There are 2 protein chains.
Amino acid sequence: MKVKDVAREAGVAVGTVSRVLNDHPAVTRELRERVEKAMAHLGYEVDVTAQSMRAGRSRLVACAIRDFDIPRFALFIKEAEAVLREAGYTLLLASTTNRPDVEIALLRAFRRRRVDGVMMTLSDEQHLDVREALSEALMPVLLIDRDRIEALDRVTADHREGARLATSHLLDLGHRRIAMLVGDLNAFPSRSRLEGFRAAHAAAGIAPDPRLLRDDVLSSEDAYRATASLMSLAERPTALFVAAMDMLGGCLRALRTMGVAVGDGISVVAGSDSDLAELHTPPITAIAWDLAAMGRHAATMLLERMRGDEIERGRGLTVPTQLIIRGSSRPFAS
Amino acid sequence: MKVKDVAREAGVAVGTVSRVLNDHPAVTRELRERVEKAMAHLGYEVDVTAQSMRAGRSRLVACAIRDFDIPRFALFIKEAEAVLREAGYTLLLASTTNRPDVEIALLRAFRRRRVDGVMMTLSDEQHLDVREALSEALMPVLLIDRDRIEALDRVTADHREGARLATSHLLDLGHRRIAMLVGDLNAFPSRSRLEGFRAAHAAAGIAPDPRLLRDDVLSSEDAYRATASLMSLAERPTALFVAAMDMLGGCLRALRTMGVAVGDGISVVAGSDSDLAELHTPPITAIAWDLAAMGRHAATMLLERMRGDEIERGRGLTVPTQLIIRGSSRPFAS
DNA sequence: ACCCTTTGGTGAACCGGTTCATTGACTCCC
DNA sequence: GGGAGTCAATGAACCGGTTCACCAAAGGGT
């Protein structure tokens, strides 16, 4: 079942069938109808593989993120997929497990598949091998919540401002020993959160205690351990900013285990909002931003780039963050 | 940059290069090394599209689920992807939005892409057009948490037993007016949960009040509305079984809005476990099962089927469910 | 009546691999 | 010494579309 068969059935040339398939204008209505009837009659369906082969593009867009089971990322993917599907693209999914070697291997695999565009996170924007792989990618790449690679488009959230707001909020409440849990400082989100944290302290003329900073918190178990270790310090923090995404669960679990009451014993601010933050007792103050919008923008920007529109290189789009103040952050009573 | 170029550089025939690429045994070590050196020297990379074209298979596996932003499904996908990648396959992702027409369109799109295998959910296993599309799919299809299509492999969770346990638990506590929120009864999970719910009632010799059943609860907003409407009844339920996946948030939000205390005012059991259920005050009794294992099994079974192993049609694998009893389910005090 | 342009249609070449019938060289054994 | 058998290597054909140089017919202008 191929164009040849359809052509024979309709009594036309293969080129004409191809024209009909691709809505080429130079086909008379009569022939178009005959061809369409033949296709319907034979139950013909184009072979996208063959099309890709000739065209050199696959109508595939790859999305590689560090770990799917970050619930809120699903929103991003969902919206991106919807936009891409609308435009005739199919989404390829992979997880990098936040490892540079996997990121490089995936870029190569995508190129072998003639993927038309890629959106991805990076474990470390400065990693030389990754930067080299990106520059040899041959297809447009858009960074998800990463920056520092000037030539590439990116969609980010304003984590710096979110962290600054959260930290100022705690400082305003009188807290002076604020602990912070962040992820990998080699990547944009945690780096900017730390900047915001420091900026807020600087603005208040207060020096943060470096012993209260825990980075590399990448899983809920990490958050559990980090919280437990912080609460075992001789001089405990009075407030805890769980800035890494989706780490609130581990943190709350640790506080519960250690018998520390959220709100009274320690103020808590979450770096990303969730049902858990909203419905906890007390409800948890949290930073929120629109991941669905990020997904839509990412897909749209990548589509523009893939169309080859004449656009300046390295466009960046930043979605704002906001602080939702709830009952878990309370004035510090000495 | 193609096999031809590599062949010229190495001074061999294209067929030999292809043999090297595919680890064909009939190549002398000397030639293999010459070819490999030539490939490295030219920076050659195979074109997977061309391979697919000739081979008639794409090394792509599609996964279509009703909605990605069900956080727990991410676990399934993550594990499935890991298994498939290990085996040299790439995962294609799509969401069906739980609509039969989208399901059919996706199956067609997958076939056009020569996808090697599909794992998917269905909005309604009995839908005739979908069944026809499935039978014409030409590639192995595995159902995710769906049954009733005898010819297809499937991986399910034992929702019936989970719901039976949860309901018996509530009945044992003395509850007689148990409300239930489920999703689409045309699909396996909700159907089985309802069966389990009824089986538990039957075993206890109690007839459930049909006015306390709310089906088609598919979003957190649905759950909010359903809970609000249940709590507005003249004869309120004394227990609430939120059996649909990831609907607990909406339900708790409604109870909070209406000033009903979980545990005291109403006992609550969640159909799937989560950080929210575990860390809520009081913690919520919930049904748990291993979605990661489901993902692994799904990928493994599909791989076997794609290898064309001689296996009986329509294998089913069921992962067990368990009830985690927490503080939200309490004895009914009249 | 003649030439020029426009329009619709044709089919061979091409995309970049894999496959397989064929060839040539070498070994083995009677 | 010669026939059978084994093994590497070769390269043309093929997978199923799209493209484009080319052609025929129709239309337009003088």
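Within every chain, numbering begins at 1; the chains are lettered A, B, ... in the order of the sequence lines, protein sequences first and strands thereafter. Since we're looking at a predicted model, the values are computed, not measured.
- Summarising the geometry, the separation between CZ on B:R57 and C1' on C:dT19 is reported as 13 Å, rounded to the nearest angstrom.
- Here C:dT7 presents its P atom at 12 Å from NE2 of A:H24, a figure rounded to the nearest Å.
- Rounded to an integer number of Å, the gap from A:E45 CD to D:dG17 P is 10 Å.
- Side-chain atoms of A:R54 lie closest to C:dC15 of the nucleotides C:dC15, C:dT10, C:dG17.
- Contact check, B:S52 against D:dC15: no side-chain N or O comes under 4.0 Å of OP1 or OP2.
- A sub-4.0 Å separation between OP1 or OP2 of C:dG9 and a side-chain N or O of A:T16 is absent.
- Nucleic acid contact for A:V48: none, since no nucleic acid atom lies under 4.0 Å from a heavy atom of the residue.
- Each of D:dT18, C:dG8, C:dG11 was ranked by its minimum atom distance to the side chain of A:R19; first place goes to C:dG8.
- If you measure from atom CD of A:E30 to atom C1' of C:dG9, you get 12 Å, rounded to the nearest angstrom.
- If you check every strand for non-hydrogen atoms under 4.0 Å, A:V27 touches sugar and phosphate atoms only.
- Here the nucleotide nearest the side chain of A:A26, chosen from C:dT19, D:dT18, C:dG8, is C:dG8.
- Between the side chain of A:D124 and the backbone N or O of A:Q126 there is at least one donor-acceptor pair closer than 3.5 Å.
- Protein atom NZ of A:K2 is 14 Å distant from nucleotide atom P of D:dT18, rounded to whole Å.
- The nearest pair of heavy atoms linking A:I144 to A:T121 is O-CG2, 3.8 Å.
- As a whole-Å value, the separation of B:R59 CZ from C:dT18 C1' is 14 Å.
- Each of A:V14 and A:L31 lies near DNA chain C, and the nucleotide nearest A:L31 is the one positioned closer to the 5' end.
- Of the residues near DNA chain D, A:V17 and B:A13, the one whose nearest nucleotide (by heavy atom distance) lies more toward the 5' end is B:A13.
- B:V12 comes within contact range of the sugar-phosphate backbone alone, with a heavy-atom separation under 4.0 Å but no base atom that close.
- When each of A:V118, A:L60, A:V61, A:L138 is paired with A:F110, the side-chain contact (heavy atoms from CB on, under 4.5 Å) condition holds for A:V118 and for no other.
- Toward the 5′ end of DNA chain C lies the nearest nucleotide of B:M53, the other residue of the pair B:G15 and B:M53 mapping further downstream.
- Contact annotation for A:T28: backbone-only contact, meaning every heavy-atom pair under 4.0 Å involves sugar-phosphate atoms and none involves a base.
- One interatomic measurement links the two molecules: CE of A:M39 to C1' of D:dG17, which rounds to 13 Å at whole-angstrom precision.
- Rounded to an integer number of Å, the gap from CZ of B:R114 to P of D:dG17 is 8 Å.
- To the nearest 0.5 Å, atoms OG1 (B:T16) and CG (B:L31) are separated by 6.5 Å.
- A cation-pi contact links B:R59 to B:Y89, judged by a cut-off of 6.0 Å to the six-membered ring centre and 45° from its axis.
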